[in-house]
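For reference, the structure discussed in these notes is given below.
When reading the values below, keep in mind they use all heavy atoms of this one structure, side chains included, and skip hydrogens, waters and symmetry mates. Proteins come first, then strands; the chains are lettered A, B, ... in the order of their sequence lines, and each starts at number 1. The model shown is predicted, which means the values in this text are computed figures rather than measured ones.
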2 protein chains.
Amino acid sequence: MQITRETDYAIRCVLYLVENPGKVIMVDSIAQDKDIPKSFLSKILQKLTRADIVSSFRGMKGGFKLSKNPDQISLLTVIEAIEGPVTINRCALDENICSLSNSCTVHPVWVALRGKLESWLSQHTFEGLTAKDK
Amino acid sequence: MQITRETDYAIRCVLYLVENPGKVIMVDSIAQDKDIPKSFLSKILQKLTRADIVSSFRGMKGGFKLSKNPDQISLLTVIEAIEGPVTINRCALDENICSLSNSCTVHPVWVALRGKLESWLSQHTFEGLTAKDK
DNA sequence: CATAAACGAGACTAATTTAGTCCTAATTAA
DNA sequence: TTAATTAGGACTAAATTAGTCTCGTTTATG
């Protein structure tokens, strides 16, 4: 029922990049600031890069920066980049998984909940997540 | 991010008992009808019994029946009986888990989402889940 | 152009959780 | 008394999570 630690790390990581707009930042800086094992974070950043959430730069002075505006990146974006589709019950993704799906009266509820979850998670963008004022 | 198979089985199991109101039903019948490994189901029913969702009867003619009305049992009730508290991120249950929790801007979002989840899941009772008419 | 500082990719491993099984009680209707 | 049923605990196998490690590629810079 929970996101994995990997996903939590990914979110912290994006948060750090949001907090340092424009700069190209090394894995090591993020790892230290956000308390994430460096080599694990390096894997996570690869996934974020493939999902086009961050862009990477190799070689000296390399590192990562956001490839979108914070308001274009939501919790859903990041979670899906790491874990794939979100859902409470697997059957809401693929009916064939369940031997009783056609007769199951709970199935439509899982589908509806999946919709709510997605919608809620996508409403929280990283713009909102770092609002300094207030 | 998902409920476990055990929890899914538990829900099917409660569903079966709701569909057979009043009767005392053996593990084996539920296992066969709902396609659940019998000895695993037996463990699950123990949890449901401890959570006072079903009552058990030992000895010949023994079995299980619901110990509440279907409208008093929600998806949340059953999920919590099997998995414990629901949450998307562990930090919403216990701040101390996270090394950065006090400064974390995402934390309040997880807490809010946990509230939403609980509310969504508790709105779906087993009364609603088997409505035959429509 | 050599080199050191970065990321990229894949194989590997350890720990934890999930998904069960199995065996020995304890109960109880008949 | 016995056969049918649940209770409980120990055990196991498979899958997932949470990493590590090594080697290769890229690139700024002296």
Starting from [atom2] on [N], measure out to [atom1] on [X] and report it in whole angstrom.
X      : N       : atom1 : atom2 : value
E6(A)  : dT16(D) : CD    : P     : 14 Å
Q2(B)  : dT16(D) : CD    : P     : 10 Å
M26(B) : dA7(D)  : CE    : P     : 14 Å
I82(B) : dT18(C) : CD1   : C1'   : 13 Å
R5(A)  : dT16(C) : CZ    : P     : 10 Å
M1(B)  : dT17(C) : CE    : P     : 18 Å

Looking at [Y] and [X], is any side-chain nitrogen of the basic one under 4.0 Å from a carboxylate oxygen of the acidic one?
X      : Y      : answer
K34(B) : E19(B) : yes
D94(A) : R90(A) : no
K43(A) : E6(A)  : no

Would a distance-only check, ignoring hydrogens and angles, find a side-chain to backbone donor-acceptor pair under 3.5 Å from T7(B) to I79(B)?
->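 No.
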Around atom NZ of K61(A), are there more than 12 heavy atoms of other residues, nucleotides or ligands at under 6.0 Å?
->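 No - once you tally the heavy atoms of other residues, nucleotides and ligands closer than 6.0 Å, there are 12 at most.
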Enumerate the residues from residues 49-67 of chain A whose closest heavy atom to DNA chain C is under 4.0 Å, giving them by residue number; use none for an empty result.
->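 Only R50(A), S56(A), F57(A), R58(A), G59(A), M60(A), G62(A), G63(A), F64(A) qualify.
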Does anything in residues 28-47 of chain B reach DNA chain C, meaning a heavy atom under 4.0 Å, and if so which residues?
->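 Here the set is P37(B), S39(B), F40(B), K43(B).
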Please determine, by modelled atom types, if S42(A) and S39(A) share a side-chain donor-acceptor pair under 3.5 angstrom.
->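 The answer is no; no qualifying pair exists.
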Just by distance, with hydrogens left out, do E118(A) and S122(A) show a side-chain donor and acceptor under 3.5 Å apart?
->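 The criterion, which ignores hydrogens and geometry beyond distance, is not satisfied for S122(A) and E118(A).
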Among T4(B), I36(B), V14(B), side chain to side chain contact (heavy atoms under 4.5 Å, CB included) partner for Y9(B) =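 Exactly one candidate clears the test, I36(B).
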Tell me whether the OP1 or OP2 atom of dA18(D) has a side-chain N or O from Y9(A) closer than 4.0 Å.
->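 Y9(A) to dA18(D) OP1/OP2: no side-chain N or O under 4.0 Å.
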